[in-house]
Amino acid sequence: MTPGGGSGPMKDCEYSQISTHSSSSPMESPHKKKKTAPRRKWEVFPGRNKFFCNGRIMMARQTGVFYLTLVLILVTSGLFFAFDCPYLSEKITPAIPAIGGILFFFVMGTLLRTSFSDPGVLPRATPDEAADLERQIGNNEDIANGSSSGGYRPPPRTKEVIINGQTVKLKYCFTCKIFRPPRASHCSLCDNCVERFDHHCPWVGNCVGKRNYRFFYMFILSLSFLTVFIFAFVITHVILRSQQTGFLNALKDSPASVLEAVVCFFSVWSIVGLSGFHTYLISSNQTTNEDIKGSWSNKRGKENYNPYSYGNIFTNCCAALCGPLSPSLIDRRGFIQPDTPQLAGPSNGITMYGATQSQSNMCDQDQCIQSTKFVLQAAATPLLQSEPSITSEELPLPGKTSLSGPCATLTLGQPTPPSSMPNLTSDTGLTDMIPLKEEHEGHQFLTPEEAPSPPGMLPSGSPITHSHTMHVLSLASQDSLHEDSVRGLVKLSSV
C-alpha cells in the first residue's frame with residue numbers, strides 16, 4: 001500500500017478513539033448506575049414543613065411561637081417548683097409538688113406529641129394520577145359543554161357524596177391535585193391537605209387535624225388545670241407569708257411568686273376559654289373550621305344538620321378521644337422507590353461506551369473502505385485501460401469460448417459495479433476486458449463469483465479483514481501477469 005492511501009484515515013480514526021483521560025475500559029458495562037445513597041420521602045416532601053430526627057419529627061416552618069410556648073411553660077413551672085413548692089410542702093402538704101409535677105409532665109408530653117406528629121396530611125397525587133383525574137374532569141366538562149348553549153362556563157370542580165342522608169360536597173384541590181375527602185381542608189401555611197382539618201395552631205407549631213386533635217385537646221385541658229393550679233397555690237403562698245411578715249415583706253421575700261402570678265393571670269383566661277370551646281366542639285362532633293363557616297346546625301330536624309354527630313354527647317366525646325388512631329398516609333420515613341437506571345454522566349469527552357463502540361465500528365469501516373479502494377483500483381487498472389481492447393473478433397483463439405452474457409444477467413446476490421465504473425452492457429462483453437482461463441494453466445482468472453465487491457457495496461457493520469485484503473492483492477497480481485502473457489501471444493500471432 002502506498003503512503004497516504006489508507007494510513008492517513010486509519011491514524012485519524014485511531015486518534016479520535018483514544019482518550020488519555022478516560023478511566024473506563026471498553027469492556028465495562030454501558031449502563032453504569034450512579035451510586036447515590038437511598039433517600040427518604042421526607043427529604044423531598046412538597047409541603048412547607050420541617051423534619052427532625054431523620055423524619056420522625058414533623059412540624060410547620062413557623063416555629064417561633066412554639067418556642068415561646070415552651071419558654072412560658074418551663075419558666076413558670078420551674079419558678080413554682082423552685083420557690084413555692086418547698087414552703088407549701090412544709091406548711092400544707094407534700095402532695096402539692098407531686099400533683100404539680102404530674103400535671104407538668106402531662107402538659108409537656110401532650111404538647112410535644114401534638115407538635116411533633118403528623119396531623120393527618122393527605123398525600124398528593126402522582127403525575128399519572130393527576131393526569132388521569134384531569135382527563136376525567138375534561139371529559140365531564142366536554143359533555144356538559146356539548147349539552148349547553150353558547151357562552152358556557154365550566155362548573156366548579158366539585159363532587160357530591162351522601163353521608164347519613166346529608167349531601168356533602170368534595171372540593172378539588174389545585175395544589176394537591178385531588179378531591180379532598182369530607183372534612184378535609186388545605187392549610188395555606190403548611191401547604192398540605194389535612195384530613196379532618198381543625199385549624200393551624202401557631203402555639204403548638206403544627207396543624208391540628210385527625211391524627212393529633214385528641215392530643216391537642218388534652219394539652220389545652222391539662223394546661224388549663226396546671227395554670228389554675230399554679231396560680232392558686234402562688235396566691236396561697238403569698239397570703240401565708242403576708243400573715244407572718246406583712247404583704248410587702250412577703251412580696252420582697254418571694255419575687256418569683258409575683259412573676260408567676262402575673263403570667264398565670266393573663267394566660268388563664270385564654271387557655272380556659274379555649275378548653276371550653278373545644279369541649280363544646282367535641283361534644284357536638286364538629287371542627288373549628290366547620291363551626292366558623294357555620295356548615296352544620298346542632299338541631300337534628302333542620303336541613304343542614306350535622307351528619308357526623310352521633311346524637312349523644314358521651315358518644316361524640318368517646319369517638320373523638322378514645323377512637324382508633326389512624327396511621328400516617330405519607331410514610332415520611334419510607335425510602336423513595338428507585339426509577340429507571342440512569343446512565344452515568346459524560347466521562348472526559350466520552351458520552352457512553354455504546355456511542356463510542358458505534359463510532360469505532362464506523363471508523364473501522366471508513367479506514368477499511370479507504371484501504372480497499374486503493375487495492376481495487378490497483379487490481380482494476382490493467383483491466384480498465386484506455387488502450388484498444390482485444391475482442392474475440394480480432395483475436396480468435398482456438399479452444400476458447402466467449403462469455404456473451406451481459407452483467408445484467410448475473411444471478412441475484414452478485415455485486416453491482418458502482419456508478420463511477422464503466423457500464424458493462426451487451427455491446428461490450430466481459431471478453432473485452434477479462435480473458436478466459438483454459439489454455440494458460442499457470443495463471444488463475446477472476447470469474448464473476450470470485451470478483452471482489454466494489455467499495456460502494458461493502459456490507460455495513462462487516463469491515464474487511466487483513467486476510468481478505470491479502471486475497472484481493474494476490475488476485476490482482478495474478479491478473480496483471482496474465483495480461484502480460486496475453487499481450488505476448490498477440491505479438492506472436494501478428495508475426
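Predicted, not measured: the structure shown is a model, and the values here were computed from it.
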Practice problem: Would you confirm whether Asp132, through its side chain, and Asp128, through its main-chain N or O, come within 3.5 Å as a donor-acceptor pair? | Solution: no

Quiz item: Is Arg157 reaching over with its side chain to a backbone N or O of Lys171, donor-acceptor style, under 3.5 angstrom?
Solution: no

Quiz item: With no hydrogens and no angle check, do the side chains of Asp118 and Ser328 hold a donor and an acceptor under 3.5 Å apart?
Solution: yes

Quiz item: So, Arg333 and Glu43, do they make that salt bridge, N to O below 4.0 Å?
Solution: no

Quiz item: Can any side-chain N or O of Arg61 pair as donor or acceptor with the backbone N or O of Leu189 at less than 3.5 Å?
Solution: no

Quiz item: With distance as the sole criterion, is a donor-acceptor pair present between the side chains of His200 and Asn206 under 3.5 Å?
Solution: no

Quiz item: Any donor-acceptor pair under 3.5 Å linking the side chain of Ser270 with the backbone of Ser267?
Solution: yes

Exercise. Classify the angle between the aromatic ring planes of His278 and His199 as parallel (below 30°), tilted (30 to 60°) or perpendicular (above 60°).
Key: tilted

Quiz item: Using the ring of each side chain (for Trp, its six-membered ring), is Tyr87 parallel, tilted or perpendicular to His237, with breaks at 30° and 60°?
Solution: tilted

Quiz item: Is there a donor-acceptor pair under 3.5 Å between the side chain of Thr126 and the backbone N or O of Glu129?
Solution: yes

Self-check item: Validation row: Ile336, Arg40 side chains within 4.5 angstrom (heavy atoms)
Solution: no

Quiz item: Do the side chains of Trp296 and Gln166 get nearer than 4.5 Å, heavy atoms only?
Solution: yes

Exercise. May I ask you to establish whether Arg183 and Phe197 are in a cation-pi arrangement, using a distance under 6.0 Å from NZ or CZ to the six-membered ring centre and at most 45° from the ring axis?
Key: no

Quiz item: So, is the end of the Arg196 side chain (NZ or CZ) under 6.0 Å from the ring centre of Tyr213 and within 45° of the ring's axis?
Solution: yes

Exercise. Check whether more than 12 heavy atoms from other residues, nucleotides or ligands sit under 6.0 Å from atom CD1 of Ile313, and answer yes or no.
Key: no

Practice problem: Look at the aromatic rings of Phe265 and Trp269 and report parallel, tilted or perpendicular, splitting at 30° and 60°. | Solution: perpendicular

Quiz item: Counting distance only, does the side-chain N/O of Thr245 pair as donor-acceptor with the main-chain N or O of Ser242 below 3.5 Å?
Solution: no

Quiz item: Does any donor atom in the side chain of Asn192 or Asn49 lie under 3.5 Å from an acceptor atom in the other side chain?
Solution: yes

Practice problem: State whether a side-chain donor-acceptor pair under 3.5 Å links Tyr217 with Thr279. | Solution: yes

Quiz item: Less than 6.0 Å separating the ring centroids of Phe215 and Phe219?
Solution: no

Quiz item: If we ignore angles and hydrogens, is there a donor and acceptor under 3.5 Å between the side chains of Asn54 and Trp42?
Solution: yes

Quiz item: Within a strict 4.5 Å, meaning less than it, do heavy atoms of the Lys41 and Ile330 side chains meet?
Solution: no

Quiz item: So, do Leu133 and Tyr172 sit near enough that their side-chain heavy atoms are less than 4.5 Å apart?
Solution: yes

Quiz item: With a 4.5 Å limit on heavy-atom distance, are the side chains of Cys190 and Arg48 in contact?
Solution: no

Self-check item: Side-chain touch Val238/Ser254, heavy atoms, less than 4.5 angstrom
Solution: no

Self-check item: Side-chain donor/acceptor of Arg214 to backbone N/O of Cys322, under 3.5 Å
Solution: no

Quiz item: With a 4.5 Å limit on heavy-atom distance, are the side chains of Phe116 and Phe52 in contact?
Solution: no

Quiz item: Pick from Thr69, Leu74, Val75, Ile73: which one makes a side chain to side chain contact (heavy atoms under 4.5 Å, CB included) with Val71?
Solution: Val75

Practice problem: Give a yes or no on whether the backbone of Ser89 and the side-chain of Thr93 come within a donor-acceptor separation of less than 3.5 Å. | Solution: no

Quiz prompt | Sidechain-backbone polar pair: Asn249 side chain, Gly246 backbone, donor-acceptor under 3.5 Å | solution = no

Quiz item: Are Leu251 and Arg241 side-chain neighbours, meaning at least one heavy-atom pair lies under 4.5 Å?
Solution: no

Exercise. Step through the shown structure and confirm whether more than 12 heavy atoms of other residues, nucleotides or ligands are within 6.0 Å of CZ on Phe225.
Key: no

Quiz prompt | Short side-chain donor-acceptor distance under 3.5 Å, Asp198 and Thr288 | solution = yes

Exercise. Decide if atom CZ of Phe266 counts as having more than 12 heavy atoms of other residues, nucleotides or ligands within a radius under 6.0 Å.
Key: no

Practice problem: Indicate yes or no for a side-chain donor-acceptor contact from Ser257 to the backbone of Val234 under 3.5 Å, with no hydrogens or angles considered. | Solution: no

